[in-house]
There are 2 protein chains.
Amino acid sequence: MTPTIKDVAAHAGFSIATVSRAINAPHTVNPVTLEKVRQSIDALNFRPSPLGRQLRGERSRLIGVVLPTLANPVFAECLQGIDELASAQGYRLMLMTTQYDAERERHAIETLREQRVEGLILTVADADTHPLLDDLDRDGMLYVLMHNDTVRRPSVSVDNRLAAYDGVRMLIAHGHRRILMLAGTLAASDRARLRHLGYVQAMQQAGLTPAPALEIDFNADELAPSVLNHLTTGPNRPTALFCSNDLLAMVVMRGLRRARFEMPGDMSILGFDGLAMGELLSPPLASVCAPNREIGCAAWRRLIGRLDSMKPADFDDALRAPSLSLTLPHTLREGATIAAISDMAGASPNRNARSFA
Amino acid sequence: MTPTIKDVAAHAGFSIATVSRAINAPHTVNPVTLEKVRQSIDALNFRPSPLGRQLRGERSRLIGVVLPTLANPVFAECLQGIDELASAQGYRLMLMTTQYDAERERHAIETLREQRVEGLILTVADADTHPLLDDLDRDGMLYVLMHNDTVRRPSVSVDNRLAAYDGVRMLIAHGHRRILMLAGTLAASDRARLRHLGYVQAMQQAGLTPAPALEIDFNADELAPSVLNHLTTGPNRPTALFCSNDLLAMVVMRGLRRARFEMPGDMSILGFDGLAMGELLSPPLASVCAPNREIGCAAWRRLIGRLDSMKPADFDDALRAPSLSLTLPHTLREGATIAAISDMAGASPNRNARSFA
DNA sequence: TTGAAAGCGCTAACAG
DNA sequence: CTGTTAGCGCTTTCAA
């Protein structure tokens with residue numbers, strides 16, 4: 001079927017060794033021979049199988065990428081960063097998604113290891129309590145986490161706690177007092193916890209009372225009535241929502257709009273992630289922005305850096321070990337979904353019935 | 001480094017053949033032996049290398065995916081569909097992006113073939129005039145195109161001409177007469193051409209004069225002043241824009257908003273693609289929707305179907321050949337970015353100065 | 001400059 | 001039920 005080096009050798013009238021050399025060390029072979037071999041290669045449309053090479057102990061130049069989902073552009077943005085560097089450096093990417101499911105995470109890592117990837121870039125639900133990552137450590141399998149915010153493992157992320165803290169402080173600076181945090185169903189993730197912690201700290205520092213994060217079913221077409229109620233009615237209804245990610249913010253805004261709420265007039269909204277698309281919205285979505293693409297690039301560099309440093313000597317690696325986790329700076333996109341409390345139509349509790357007028 | 005079957009054999013005190021059998025045909029080996037081998041496997045943390053297997057002529061269970069970019073969620077949505085089926089069926093995906101660049105397309109296909117993928121799923125800029133696809137045909141390499149709208153090659157897409165036609169007819173039905181089509185910089189793609197053709201046909205059938213597609217620089221932060229001028233001023237300024245994709249529609253809307261245009265009051269907007277995210281916008285984006293996820297799934301099924309049908313006999317394959325390209329139904333999402341002409345504030349030419357008031 | 005041959009990890013005849 | 005062995009495509013000594 002696909003021609004092998006043998007076919008080429010036969011066609012050219014030389015040995016397979018010569019063909020191999022013609023490919024890998026052209027200068028060591030007689031120009032005339034070289035030319036003949038090249039013609040045979042073209043004639044048969046031969047391409048060397050990486051199998052043989054890898055089998056010989058060469059590097060696979062294959063990196064595994066494990067992401068929760070591509071439905072959230074956050075991960076697509078990271079992947080873009082990774083992909084760009086990978087193709088520039090001649091690496092191949094093997095991609096698996098997990099839908100935030102622990103079993104699928106396990107399976108993905110397992111599968112990729114079988115494929116003999118040289119390293120893994122992954123985003124898992126919870127990095128700290130993940131036995132699989134311990135396995136990787138034990139087996140000396142190189143990996144870098146993206147977005148997972150932990151100091152215990154090699155990772156690249158923003159400081160989720162601080163970022164959330166800064167975001168909520170901004171809301172407070174705009175005069176908001178009743179600020180509620182909304183989280184997706186995967187409230188168990190390490191970053192969700194840290195974001196909530198940041199929220200709590202910002203609230204407490206301002207002398208405000210933080211609330212537990214309200215869980216929202218991400219995929220539902222409508223906001224649950226009880227949730228909507230919680231957001232839109234009562235004397236203590238929130239004036240601002242801090243959403244644990246941008247997609248959630250968009251879903252929530254749609255729900256509020258259907259209830260005749262306007263943003264930011266009736267409710268201020270702050271997201272998290274800094275999706276590029278958020279700037280295209282109307283009004284542009286305020287967000288605590290992570291440099292997603294750059295996170296992908298940084299994860300790549302760290303992985304490849306460690307990969308390369310394996311070769312010569314390991315002490316170099318040990319030197320870098322202290323700074324296992326890399327924290328990239330976040331930014332605040334103030335957007336237009338945040339209003340100062342004084343500008344908000346629905347700020348005073350007694351106007352809340354408006355939404356059901 | 002990584003343990004091989006030999007290590008396991010040595011550890012267990014059996015031959016490598018027995019170990020291999022223990023893995024691939026457990027029932028053919030003595031339970032006691034089996035148990036010992038299993039313990040050794042666990043102890044050494046052994047996983048069979050796919051290299052050896054593939055080398056033995058086994059299937060690689062590897063599929064290559066080539067996409068223009070992940071920055072446009074259209075492709076991320078397709079990839080989701082593919083990924084779902086792939087992981088369910090035990091296949092691995094190797095992903096490469098091309099940024100719509102012909103050279104990168106070439107390189108991606110080349111690379112993936114070297115990796116011995118069993119088949120390719122790809123979206124290329126222009127399917128009809130693509131020598132690489134001819135190579136694939138010649139070499140019997142299985143592939144399926146996604147979104148590329150051609151009858152000459154195996155493909156899955158919507159009927160881009162008809163879909164555009166239907167979309168523009170809808171605009172006309174809402175009373176619009178001056179409808180302009182906007183296209184991204186890759187106006188050269190097969191689908192962009194077909195979409196424009198559909199636009200032309202719908203216009204002509206209604207006795208209206210179609211215009212050439214106006215090219216927009218997708219990535220620029222602002223609309224070019226000349227473009228903005230074209231859209232917003234003059235007695236013949238358009239009342240509706242048909243954008244060749246949703247992302248472009250969003251960029252254009254942002255540009256118009258900055259010029260104090262409101263959608264749909266001052267301008268109706270129709271996109272193409274049906275991004276899931278479009279429904280989260282305010283107002284929800286009207287769009288000619290392709291079932292992106294389903295396109296990915298269908299492409300997968302066709303590829304695997306043809307892969308499987310290779311095994312027994314090839315005439316089966318010939319039977320299916322007539323229906324090379326699969327056309328999936330499109331839908332119209334009327335959204336709220338389209339207003340009937342009678343409801344539009346800016347409909348009468350003499351109101352156009354409003355935008356610069 | 002070229003060829004012969006060994007070996008990478010594994011599976012599958014074939015023998016025992 | 002288990003072991004021996006050949007061979008998949010390739011690179012790389014080692015000889016010629």
Side-chain angles (χ1 to χ4, degrees), chain A residues 1-41 44-62 92 111-118 139, chain B residues 1-41 44-62 110-118 139:
Chain A
M1 174 70 212
T2 20
T4 78
I5 199 172
K6 257 187 196 165
D7 301 317
V8 177
H11 185 275
F14 291 93
S15 72
I16 61 168
T18 301
V19 175
S20 177
R21 274 189 293 260
I23 295 168
N24 300 301
H27 54 277
T28 67
V29 31
N30 183 311
V32 184
T33 310
L34 182 59
E35 185 49 28
K36 284 187 190 162
V37 171
R38 286 209 164 132
Q39 294 199 356
S40 297
I41 288 179
L44 299 178
N45 222 273
F46 166 78
R47 10 186 124 252
S49 160
L51 262 57
R53 293 185 171 176
Q54 288 174 225
L55 209 45
R56 288 291 307 165
E58 312 274 303
R59 302 173 50 182
S60 67
R61 293 188 86 78
L62 195 61
R92 262 84 48 185
T111 301
L112 293 171
R113 295 191 66 181
E114 280 182 4
Q115 295 291 318
R116 298 295 192 266
V117 295
E118 290 186 29
D139 302 345
Chain B
M1 174 67 213
T2 22
T4 79
I5 199 172
K6 258 188 195 162
D7 301 318
V8 177
H11 186 276
F14 291 93
S15 72
I16 61 168
T18 299
V19 175
S20 178
R21 275 189 292 261
I23 295 168
N24 301 299
H27 54 278
T28 67
V29 30
N30 183 311
V32 183
T33 310
L34 183 59
E35 186 46 32
K36 284 186 189 161
V37 170
R38 287 210 163 130
Q39 295 200 354
S40 296
I41 288 179
L44 299 178
N45 223 275
F46 165 78
R47 20 191 113 247
S49 161
L51 263 57
R53 293 183 171 179
Q54 287 174 226
L55 209 45
R56 289 286 312 160
E58 313 273 304
R59 301 175 52 182
S60 67
R61 294 187 84 77
L62 197 62
E110 185 88 355
T111 302
L112 293 172
R113 295 191 65 179
E114 279 181 4
Q115 295 291 317
R116 298 294 191 265
V117 295
E118 291 186 29
D139 302 344

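Per chain, numbering begins at 1; letters A, B, ... match sequence-line order.
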Rounded to whole Å, the CD-C1' distance (B:Gln54 to C:dC10) equals 11 Å
Practice task
With heavy atoms under 4.0 Å as the rule, sort A:Ser20 into base, sugar-phosphate or nothing.
Solution key: base
The nucleotide from C:dG9, C:dG3, D:dC10 with an atom nearest the side chain of A:Ala17 is C:dG3
Taking the side chain as everything from C-beta on, heavy atoms only, tell me whether B:Phe14 gets closer than 4.5 Å to B:Asn30. no
Any heavy-atom pair between the side chains of A:Ile41 and A:Ile23 that's under 4.5 Å?
yes
Could you check if a side-chain atom of A:Gln54 sits within less than 4.5 angstrom of a side-chain atom of A:Leu62, using non-hydrogen atoms only? no
Assign each of B:Ile5 and B:Arg21 the nucleotide of DNA chain C bearing its closest heavy atom; nearer the 5' end lies the nucleotide of B:Ile5
Do B:Thr18 and B:Ser15 have side chains that approach each other closer than 4.5 Å (heavy atoms only, starting at C-beta)? yes
Between B:Thr28 and A:Ile23, the residue closer to the 5' end of DNA chain D by nearest nucleotide is B:Thr28
Of B:Pro31 and B:Arg116, the one whose closest nucleotide on DNA chain D sits nearer the 5' end is B:Pro31
Any side-chain N or O of B:Arg53 under 4.0 Å from OP1/OP2 of C:dC10? no
Taking only the side-chain nitrogens and oxygens of A:Thr18, find out if one of them lies under 4.0 Å from OP1 or OP2 of C:dG3. yes
Requested in this report: Please determine if a side-chain N or O atom of A:Lys6 lies less than 4.0 Å away from the OP1 or OP2 oxygen of D:dC8.
Outcome: yes
Reckon A:Ser49 has a side-chain N or O less than 4.0 Å from the OP1 or OP2 of D:dG9? no
Winner on side-chain proximity to B:Thr33, out of C:dC10, D:dT2, C:dA4, is D:dT2
With the side chain defined as heavy atoms from C-beta on, B:Ile16 is closest, among D:dC10, D:dT2, C:dC10, to C:dC10
